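These numbers were taken from a predicted model, which means no experiment stands behind them. Worth knowing before you read on, the calculation uses all heavy atoms, side chains too, and leaves out hydrogens, waters and symmetry mates.
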Amino acid sequence: QVQLVESGGGLVQAGGSLRLSCEVSGRTFSSYSMGWFRQAPGQEREFVAAISWTGANTYYGDSVKGRFTISRDNAKNMVYLQMNNLKPEDTAVYHCNADFRSARSFPDIDFPSWGQGTQVTVSS
């Protein structure tokens, strides 16, 4: 089992950028696919992005394609989400998660637990 600690959220104006980080505990980090999700108040959790354990394959939700980039550093047990051209509708709590299954399957996985997340607020 891994522990996940998200950071890097904050308040930013529309059009701005933020970089989220997720620190993952556990010696098998490099074996996990990793993903980012977000949840806005009153809405269901939404898939944002996922990356394969090698980093070679990435997948994005339609609403963030071309604006967000997921990456990972297996040597540091870290996964990142670079968010550019932020919009007010990107406002949400962002969470990362890990799984041994394919990154492509992340939108369909029912994860048993979540970290505390990091709040991203985009003002218009």
Q: Please check if the distance between the ring centroids of Trp114 and Phe37 is under 6.0 Å.
A: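 They qualify: ring centres under 6.0 Å apart.
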Q | Stepwise side chain to side chain contact (heavy atoms under 4.5 Å, CB included) test for Tyr80 and Ser71 | A | CA-CA 5 Å; Tyr80 306 100; Ser71 62; 3.6 Å; yes
Are [Y] and [X] connected into the same hydrophobic cluster when the rule is that any two of I, L, V, M, F, W, Y join if their side-chain heavy atoms are below 4.5 Å apart?
X      : Y      : result
Val93  : Phe106 : no
Val64  : Phe47  : no
Tyr59  : Ile70  : no
Phe111 : Leu4   : no
Val79  : Trp53  : no

Q. Looking just at side-chain N and O atoms, do Ser17 and Asn84 make a donor-acceptor pair shorter than 3.5 Å?
A.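 Asn84 and Ser17 do have a side-chain donor-acceptor pair below 3.5 Å.
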Supply the atom-to-atom distance [X] [atom1] to [Y] [atom2], rounded to the nearest 0.5 angstrom.
X      : Y      : atom1 : atom2 : answer
Thr58  : Arg104 : OG1   : CZ    : 11.0 Å
Gln119 : Thr91  : CD    : OG1   : 7.0 Å
Ile109 : Phe100 : CD1   : CZ    : 11.5 Å
Asn77  : Cys22  : CG    : SG    : 10.0 Å
Asn57  : Ser52  : CG    : OG    : 4.0 Å
Phe68  : Leu20  : CZ    : CG    : 8.0 Å

Q) Between Met34 and Ala98, what is the shortest heavy-atom contact and its length? A) SD-CB, 3.3 Å
Q: State, to 0.1 Å, how close Ala14 and Ser124 come at their nearest heavy-atom pair, and which atoms those are.
A: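 Heavy-atom minimum between the residues: CB-CA, 4.4 Å.
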Check for a donor-acceptor pair, side chain of [X] on one end and backbone N or O of [Y] on the other, with a separation under 3.5 Å.
X     : Y      : answer
Ser33 : Arg101 : yes
Ser21 : Gly8   : no
Glu6  : Cys96  : yes

Q | Sequence neighbours excluded, every pair satisfying side chain to side chain donor-acceptor pair (under 3.5 Å) that has a member inside residues 38-50 | A | Arg38-Glu46, Arg38-Ser63, Arg38-Asp90, Arg38-Tyr94, Gln39-Arg45, Glu46-Ser63
Q) side chain to side chain contact (heavy atoms under 4.5 Å, CB included) between Met78 and Phe29: does it pass, once the steps are laid out? A) CA-CA 9 Å; Met78 297 290 293; Phe29 171 75; 5.7 Å; no
Q. Looking at Tyr60, does the NZ or CZ of Arg67 lie under 6.0 angstrom from its six-membered ring centre and within 45 degrees of the ring axis?
A.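 No, Arg67 does not sit over the ring of Tyr60.
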Q: Give the C-alpha distance, both sets of side-chain angles, the deciding distance and a yes or no for side chain to side chain contact (heavy atoms under 4.5 Å, CB included) between Val5 and Gln116.
A: CA-CA 7 Å; Val5 179; Gln116 84 287 353; 4.1 Å; yes
Q) With a 4.5 Å heavy-atom cut-off, do Asn97 and His95 have their side chains touching? A)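 Asn97 vs His95: side chains apart.
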